[in-house]
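Right, one structure below, let's go through it.
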Amino acid sequence: MSGTDQPRTRLTPPADATAPVRHPDAPAPGELLGAHYERCFGCGTGQPHGLHLEARAGDGVSVTAEFTVKEAHQGAPGLAHGGVLATALDETLGSLNWLLRVIAVTGRLETEFVRPVPLGTVLHLEAQVTAVHGRKIYSSAVGRIGGPDGPEAVRAQAVFIEVKVDHFIDNGRTSEIESALADPDQVKRVRAFEVNP
């Protein structure tokens with residue numbers, strides 16, 4: 001292995017991984033999670049062309065989410081861009097960390113595109129944490145068209161890595177970090193760094 005080679009983060013949890021445990025202070029099932037940061041492309045309301053994805057806490061360590069595929073989200077004429085669909089999966093999977101009450105970032109995301117998603121479609125997403133091993137959080141998600149029980153359009157598996165808030169402060173652009181930290185709304189200030197897929 002050369003100095004630049006890194007072991008790949010596997011999507012299958014090791015045999016000694018544990019079942020996920022919902023944090024006692026996690027949002028209640030059915031509760032809207034809201035945006036962690038208003039300028040987040042996935043969930044923020046301050047991004048005109050963002051996904052404006054809305055996630056709700058589910059039972060156990062699961063979430064559901066929806067977003068509408070708009071004209072700005074297309075790749076091929078009349079169809080959602082695959083990268084946008086991967087972003088929707090990533091955002092939904094990242095929302096799971098609210099239920100564990102940890103700060104985590106995407107370590108690895110593997111997506112599978114099952115069928116095209118036309119413009120105007122409401123994509124119904126569901127995700128769950130499958131296992132935890134040290135700082136690694138294993139999860140999976142599926143996106144359906146036509147309703148929560150509709151045909152699968154996309155699915156993903158992911159590993160999120162638990163990090164400290166310094167990860168964002170040390171690596172983010174200074175002006176945005178300072179703006180988020182200066183927000184007089186203490187809840188918004190904390191949420192900006194709490195979960196960031």
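Annotation: His23, atom NE2; neighbour count of heavy atoms from other residues, nucleotides and ligands within 6.0 Å is above 12.
Here the shortest heavy-atom pairing between Gln128 and Ser140 reads NE2-OG, 2.6 Å. Minimum heavy-atom separation, Leu89 to Ala156: CD1-CB, 3.8 Å. The nearest pair of heavy atoms linking Ser62 to Leu96 is CA-CD2, 3.7 Å. The two atoms that bring Ala127 and Ala141 nearest to each other are CB-CB, 3.7 Å, heavy atoms only. Considering all non-hydrogen atoms of both residues, Gly120 and Thr68 come closest at O-CG2, 4.1 Å. The two atoms that bring Ala57 and Pro27 nearest to each other are CB-O, 3.7 Å, heavy atoms only.
Once rounded to the nearest 0.5 Å, the distance linking CG of Asp149 with NE2 of His124 reads 9.5 Å. Summarising the geometry, atom CD belonging to Glu66 is positioned 13.5 Å from atom CZ belonging to Arg144; distances are rounded to the nearest 0.5 Å. Atom-to-atom distance recorded for Glu126:CD and Glu152:CD is 10.5 Å, nearest 0.5 angstrom. Leu79 contributes atom CG, which lies 8.0 Å from atom CD of Gln74 (distance to the nearest 0.5 angstrom).
At a threshold of 4.5 Å between non-hydrogen side-chain atoms, the residues Ile103 and Asn97 do not count as touching. Looking at heavy atoms from C-beta onward, Thr92 lies in side-chain contact with Leu53 at the 4.5 angstrom threshold. Contact of the His73 side chain with the Phe67 side chain is registered, since non-hydrogen atoms from C-beta on lie closer than 4.5 Å. The shortest side-chain heavy-atom distance between Glu162 and Leu100 does not fall under the 4.5 Å cut-off. Using a 4.5 Å cut-off on side-chain heavy atoms (C-beta onward), Leu11 and Tyr138 make no contact. In this structure the side chain of Asp16 reaches within 4.5 angstrom of the side chain of His133, judged on heavy atoms. Using a 4.5 Å heavy-atom threshold, the side chains of Val102 and Ile137 count as touching. No side-chain heavy atom of Pro14 sits less than 4.5 Å from a side-chain heavy atom of Lys136.
Grouping the Ile, Leu, Val, Met, Phe, Trp and Tyr side chains by contacts below 4.5 angstrom, directly or via other members, places Val117 with Phe113. Both Trp98 and Leu109 are part of a single hydrophobic cluster, where members link through side-chain heavy atoms under 4.5 Å apart. Val69 and Leu125 fall within a single hydrophobic cluster, where Ile, Leu, Val, Met, Phe, Trp and Tyr are joined by side-chain heavy atoms under 4.5 Å apart, directly or via other members.
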Original post:
Between Leu123 and Val154, does a side-chain contact (heavy atoms from CB on, under 4.5 Å) hold up when you go through it step by step?
Top reply: CA-CA 9 Å; Leu123 190 64; Val154 291; 4.3 Å; yes
**OP:** Show your reasoning for whether side-chain contact (heavy atoms from CB on, under 4.5 Å) applies to Leu99 and Val63.
**Re:** CA-CA 9 Å; Leu99 305 180; Val63 297; 3.8 Å; yes
**OP:** Kindly determine whether Thr111 and Leu85 satisfy side-chain contact (heavy atoms from CB on, under 4.5 Å), including the steps that lead there.
**Re:** CA-CA 9 Å; Thr111 57; Leu85 297 175; over 6 Å; no
**OP:** Report the C-alpha distance between Ile161 and Arg108 in whole Å, list the side-chain angles of each, state the deciding distance to 0.1 Å, and finish with yes or no for side-chain contact (heavy atoms from CB on, under 4.5 Å).
**Re:** CA-CA 9 Å; Ile161 310 297; Arg108 183 161 184 207; over 6 Å; no
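Remark: side-chain polar atoms of His52 are paired, donor with acceptor, to backbone N or O of Gln47 under 3.5 angstrom. Formation of a donor-acceptor pair under 3.5 Å by the Arg115 side chain with backbone atoms of Ala153 is not found in this model. Proximity of a side-chain donor or acceptor of Thr18 to a complementary backbone N or O of Val132 within less than 3.5 Å is detected.
Looking at Val129, Val21, Thr130 one by one, the single match for side-chain contact (heavy atoms from CB on, under 4.5 Å) with Val61 turns out to be Val129.
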